[in-house]
2 protein chains.
Amino acid sequence: MAKPPTIHAVAARAGVSTATVSKVVNRINVGMSETTRQRVEEAIRDLGYRPSRVGRSLRTLRRSTIGMAIVDASPSFLADPFTTNLVAGLTNHLSARGFGLLLHGIKPHELRDSVLVRESEVDALCVTLSGSRRDRLSYIKLLTELGQPFVTFQDQPVASAKDACFVRQDDRAGAVGLARYILEKRRAKRAVMFISELSWPAIEQRVSGFRDVFDDKRVSLDLVRCDETSSASIVAAAEAYLARTAPPDVFIGQNDQVALTVMQVLKRHNIRVPGDVGVCGFNAFPFSGFADPPLTTARSPAYELGQLGAAVILDRLEAGHFRKREHVLAVDLVAGASV
Amino acid sequence: MAKPPTIHAVAARAGVSTATVSKVVNRINVGMSETTRQRVEEAIRDLGYRPSRVGRSLRTLRRSTIGMAIVDASPSFLADPFTTNLVAGLTNHLSARGFGLLLHGIKPHELRDSVLVRESEVDALCVTLSGSRRDRLSYIKLLTELGQPFVTFQDQPVASAKDACFVRQDDRAGAVGLARYILEKRRAKRAVMFISELSWPAIEQRVSGFRDVFDDKRVSLDLVRCDETSSASIVAAAEAYLARTAPPDVFIGQNDQVALTVMQVLKRHNIRVPGDVGVCGFNAFPFSGFADPPLTTARSPAYELGQLGAAVILDRLEAGHFRKREHVLAVDLVAGASV
DNA sequence: ATGAAAGCGCTAACAT
DNA sequence: ATGTTAGCGCTTTCAT
């Protein structure tokens, strides 16, 4: 448990000053003799010296770390493939540029007391929020007051958040594409969409996209709410729906997991897909292709969203301000065989 | 872009010394008048002061951060539900104890040059490795030389890694359970298992578990290798296998994704599951239940593995040494309807 | 080409 | 009960 060597140890061993060691470590080559550099590098190797990021950060006031707060009630916040891909995109982009990603899963009511908020340890924050509109606004207000730049994913822009950027996918257009595809494939008069209990900007956009197309073609759209994180709750909602009305022409899940769960219920009722009814999901994560029939859905650019968010925040750090307040990525149709 | 307030600003505003502010921030209550504390707290609120973790870390030489290196060739390293759940378990446990998780996806050949290895910024490391046995050993050697404690997931213990702990699930026993279940359900003579091209300790354990049971009952076990991260490669391998031999009694995937992909191929060949052949997977992630029929598999305690890893490493930090060099968690059978 | 020295924000031992 | 002070490991300006 010997204490790790510091820059002083290296300097002593190489017989130079710490300033010189620092230059070698940071690859500042101007004004340094080749022999000195070699001697220093040898000392570094011999001692197994690793520069401390803490010392450097204190000195430079830059931490080269971005915080990612995933505000979610569920402990398995990373179970959602959307989040997972988002985080993968984020870290990959950041890692490649020498930045770290400090990951925190935070329960909604704990955000205020979380380390990320209470203490200062990152250059900027990324967040995916959850909860009601009011809750989300209050989180955004809280983050704004931190005086740190931040990026939120999948939220609508909030004007009062000055030093913030809103990165999201075009859920509305994705839903429009899906709705049009459905009406191409089948003569539908009635549709039902299973959505989460809480309102959620991305979901509202999807509903609004479906509604626009369906209204225009006089297709009715029922909304059924359930706890979308619980497969039991989805099943119960689907069962209840089937019990009180004849099957509609198409079932829409707010995401793939919901659609797939509903599809299982339909199967148990011997309702054929796509023979009797159509089913579609949203986000197109790989497992949606494993279903029978493969799910018709729309591809979420979650990984790209993460990369973009990372790029946007690094640019913000360099430029001193966000160049754009909002970024929107396209969502493309994935024609399975369930419609 | 005003510089954030420091402890000095708070001290000045409250008319006390920085030492007093520090005590308030760190909730050290002995020897402090109530009025002083209130004044300090007010100043903190007024200024929006957030203590800098960097300053504190430099002083205490503790960073309260654990690094997690996911060594994987694929950029979507977080796509695997095993990894995802593992990371969720890790962060949740760490967050609850005031520790952060610094996440890095690292390509195998980049580990040596990664920030996590080159510089010192965390109290300890966690890793999931990949690659050949030789590669893995070289990574473990590299990590050992860092002189930092580390935990590896899903690897077999390596004696030379002194300050390390090996946390894994009992893949072998899981496979044994699955194999016995298969032989209960159907009279099998031939089985085939689809596994990744690279050898991988967890997979080797699974193969060995199946082989033990099957050998005993004179069931043959073919091994087919493919790039398990590519659905096209799995399909190609399955097609090739079906082209050169009659369907065996049971298809085994090294994980759920592989099994499900093979199941799709069987369907296209009009081979019924479980009528004509049985299929089983491994890890039991939620989507395996969406398949038709629901997949028979074995439940990976990935989330618990993450929690355990976090607990083990925090204990190591406190105690100064790992109490055990290895931890193994059980893997339970999930009887679907595919066998 | 190299070094001396100041100071980043904080804590903790010691002094008052 | 509160304050003074000495660094923690590093970078960077200014001297030499």
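Just so it is clear, the values below take in all heavy atoms, side chains as well, and ignore hydrogens, waters and symmetry mates. No experiment lies behind these values; they were computed from the predicted model shown. Here is how names work: the chains are called A, B, and so on, in the same order as the sequence lines, proteins then strands, and each is numbered from 1.
- A:Arg133 forms no cation-pi arrangement with A:Trp200, by the criterion of a distance under 6.0 Å to the ring centre and an angle within 45° of the ring axis.
- Note on A:Asp155 versus A:Arg136: salt bridge recorded, some NZ/NE/NH1/NH2 to OD/OE distance being below 4.0 Å.
- Summary for the helix from C:dA1-D:dT16 to C:dT16-D:dA1: the axes at its two ends, each from 5 pairs, differ by 40° when rounded to the nearest 10 degrees.
- Bounding nucleotides for the chain A contact on DNA chain D, 5' to 3', at a heavy-atom distance below 4.0 Å, are D:dG9 to D:dT12.
- Partner of A:Val167 under the side-chain contact (heavy atoms from CB on, under 4.5 Å) criterion, chosen from A:Leu86, A:Val151, A:Leu329: A:Val151.
- Judged as a side chain to side chain contact (heavy atoms under 4.5 Å, CB included), and not counting sequence neighbours, the contacts of A:Leu317 are A:Ile66, A:Phe99, A:Asp123, A:Ala124, A:Pro149, A:Leu314.
- When all heavy atoms are compared, the tightest approach of B:Phe150 to B:Ala161 is CZ-CB, 4.1 Å.
- Using modelled atom types, one finds a donor on one side chain and an acceptor on the other under 3.5 Å when comparing A:Ser95 with B:His104.
- Every residue two or more places apart in sequence or in another chain was checked for a salt bridge (Lys or Arg N to Asp or Glu O under 4.0 Å) with A:Arg112, and none qualifies.
- For residues 13-27 of chain B, the set of pairs meeting the salt bridge (Lys or Arg N to Asp or Glu O under 4.0 Å) definition, not counting sequence neighbours, comprises B:Arg13-B:Asp46.
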Encode nucleotides 8-16 of chain C as B, S and - characters from 5' to 3', where the letter depends on protein heavy atoms closer than 4.0 Å: B to the base, S only to sugar-phosphate, - to neither. BBBBB----
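- Between A:Lys141 and A:Glu145 there is a salt bridge, since at least one side-chain N of the basic residue sits less than 4.0 Å from a carboxylate O of the acidic one.
- With respect to B:Glu119 and A:Arg50, no salt bridge is recorded, no charged nitrogen being found less than 4.0 Å from a carboxylate O.
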